[in-house]
Amino acid sequence: MGIAFYVCNIGTVEYVIVSESPFYYSVHPWYLWTCVLCTSCYLVASAHSHVKYRRGDPERAVIQSFSFGTAYLYTTSPTIHRIFCDVYSGNMNDVTWMHVGHILLVLMACFLHVSEIPQRFLPGMFDIIGHGHQIFHVLGSVSFMIQLQANVDDLQNRRHLDLVRPTDLSITAYLVVLVISYGCIAAIFVRKALLKSKQN
């Protein structure tokens, strides 16, 4: 649930601060709500894979990686559009490279998590320290720190002044719907997990 919440809110920040004006205005009325929908679908798929499959099952890894990839790609689309615009116009600066770096680190982290490298090649050697899930968290944390720094730099460069800011009421409504939908999804899958554990 934490990853879905973070991805959804970072999508909001990137939409309001990082995105280029043409992208922002082309998706303006519905982008935030589709972030909620997209990350809710990711949360449902991830919870389903945890309830239905055991750790190490390839189906679980495929469901988790595809659902996260889809949600991350959608919520990062303002940044991806901006990177392409900066490359096309020749305006690549340090902040744009920070955005490129954070996307590459997330991709690398997801690959290591799903492929179970290095523990796949040396079973038992990385049981406590150094397994793919830990590397995933370290790379993910570094990536998100770079992303947040890039967003702060964009805010200081006043990129967001060309865009219409959402009202406090719309952000509050968005967050209320987000928390309620995630809570309902969590309650449903916790109940399913408890029923499954009682049957075993």
Side-chain angles (χ1 to χ4, degrees), residues 1-15 30-77 102-103 105-145 147-148 169-200:
M1 184 183 304
I3 292 174
F5 187 75
Y6 184 81
V7 167
C8 191
N9 285 306
I10 275 300
T12 305
V13 169
E14 291 184 358
Y15 170 65
W30 50 269
Y31 181 81
L32 296 178
W33 299 104
T34 54
C35 278
V36 172
L37 179 65
C38 193
T39 57
S40 294
C41 290
Y42 158 68
L43 187 57
V44 167
S46 182
H48 170 73
S49 71
H50 276 82
V51 170
K52 185 162 184 174
Y53 302 107
R54 292 179 168 203
R55 179 171 284 174
D57 286 346
E59 294 90 355
R60 180 175 170 173
V62 167
I63 290 171
Q64 287 179 335
S65 61
F66 181 75
S67 62
F68 174 78
T70 304
Y72 183 76
L73 183 65
Y74 182 76
T75 58
T76 311
S77 58
H102 101 262
I103 291 171
L105 280 174
V106 167
L107 293 174
M108 194 177 350
C110 290
F111 171 75
L112 290 173
H113 177 57
V114 171
S115 65
E116 297 182 352
I117 292 175
Q119 68 268 23
R120 173 178 284 188
F121 300 115
L122 300 167
M125 187 167 197
F126 297 101
D127 287 347
I128 297 175
I129 296 175
H131 56 81
H133 192 81
Q134 289 175 338
I135 297 171
F136 161 77
H137 281 291
V138 169
L139 288 177
S141 297
V142 170
S143 167
F144 296 136
M145 286 173 51
Q147 182 182 26
L148 291 174
L169 181 61
S170 68
I171 293 291
T172 303
Y174 159 78
L175 288 174
V176 167
V177 169
L178 180 72
V179 170
I180 289 172
S181 62
Y182 283 11
C184 291
I185 292 167
I188 289 167
F189 281 99
V190 165
R191 185 171 180 269
K192 284 186 177 191
L194 291 174
L195 290 174
K196 185 177 178 181
S197 68
K198 286 181 183 177
Q199 292 172 353
N200 293 334

For residues 136-143, which side-chain N or O atoms pair as donor and acceptor with protein atoms under 3.5 Å away, sequence neighbours left out?
residue	atom	partner	partner atom	Å
His137	NE2	His133	NE2	2.8
Ser141	OG	His137	O	2.8
Ser143	OG	His102	O	2.8

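- The closest donor-acceptor contact from the side chain of Tyr31 to the backbone of Thr75 lies under 3.5 Å.
- Taking every heavy atom of both residues into account, Val7 and Ala71 meet most closely at CG1-O, 4.1 Å.
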Would Leu43 and Phe5 satisfy side-chain contact (heavy atoms from CB on, under 4.5 Å), going step by step from the backbone distance to the final call?
CA-CA 9 Å; Leu43 187 57; Phe5 187 75; over 6 Å; no
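- Panel note: side chain Lys192, backbone Val51; no donor-acceptor pair is recorded below 3.5 Å.
- Atom CZ of Phe144 has more than 12 neighbouring heavy atoms from other residues, nucleotides or ligands inside a 6.0 Å radius.
- Around CG of Leu195, the count of heavy atoms belonging to other residues, nucleotides or ligands within 6.0 Å exceeds 12.
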Do Cys8 and Tyr42 pass the side-chain contact (heavy atoms from CB on, under 4.5 Å) test, and can you show the C-alpha distance, the side-chain angles, and the key distance before you say yes or no?
CA-CA 10 Å; Cys8 191; Tyr42 158 68; over 6 Å; no
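- Across every non-hydrogen atom of Tyr74 and Cys38, the tightest pair is CB-SG, 3.9 Å.
- Enclosure of atom OH in Tyr6 by more than 12 non-hydrogen atoms of other residues, nucleotides or ligands within 6.0 angstrom is indicated.
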Report all side-chain donor-acceptor pairs from residues 176-188 shorter than 3.5 Å, counting only partners two or more places apart or in another chain.
residue	atom	partner	partner atom	Å
Ser181	OG	Val177	O	3.0
Ser181	OG	Leu178	O	3.0
Tyr182	OH	Ala4	O	3.2
Tyr182	OH	Thr39	OG1	2.5

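- The CD1 atom of Ile3 lies 6.5 Å from the CZ atom of Phe68; values are rounded to the nearest 0.5 Å.
- Heavy atoms of other residues, nucleotides or ligands lying less than 6.0 angstrom from CE of Met145 number 12 at most.
- Identified under the side chain to side chain donor-acceptor pair (under 3.5 Å) test for residues 43-52, with sequence neighbours left out: His50-Arg60, His50-Gln64.
- Here the CH2-CG distance, from Trp30 to Leu37, works out to 11.0 Å after rounding to the nearest 0.5 Å.
- Atom OH in Tyr72 sits 9.0 Å away from atom CD1 in Ile10 (nearest 0.5 Å).
- The main-chain N or O of Leu73 is never found under 3.5 Å from a side-chain atom of Thr76 such that the two would form a donor-acceptor pair.
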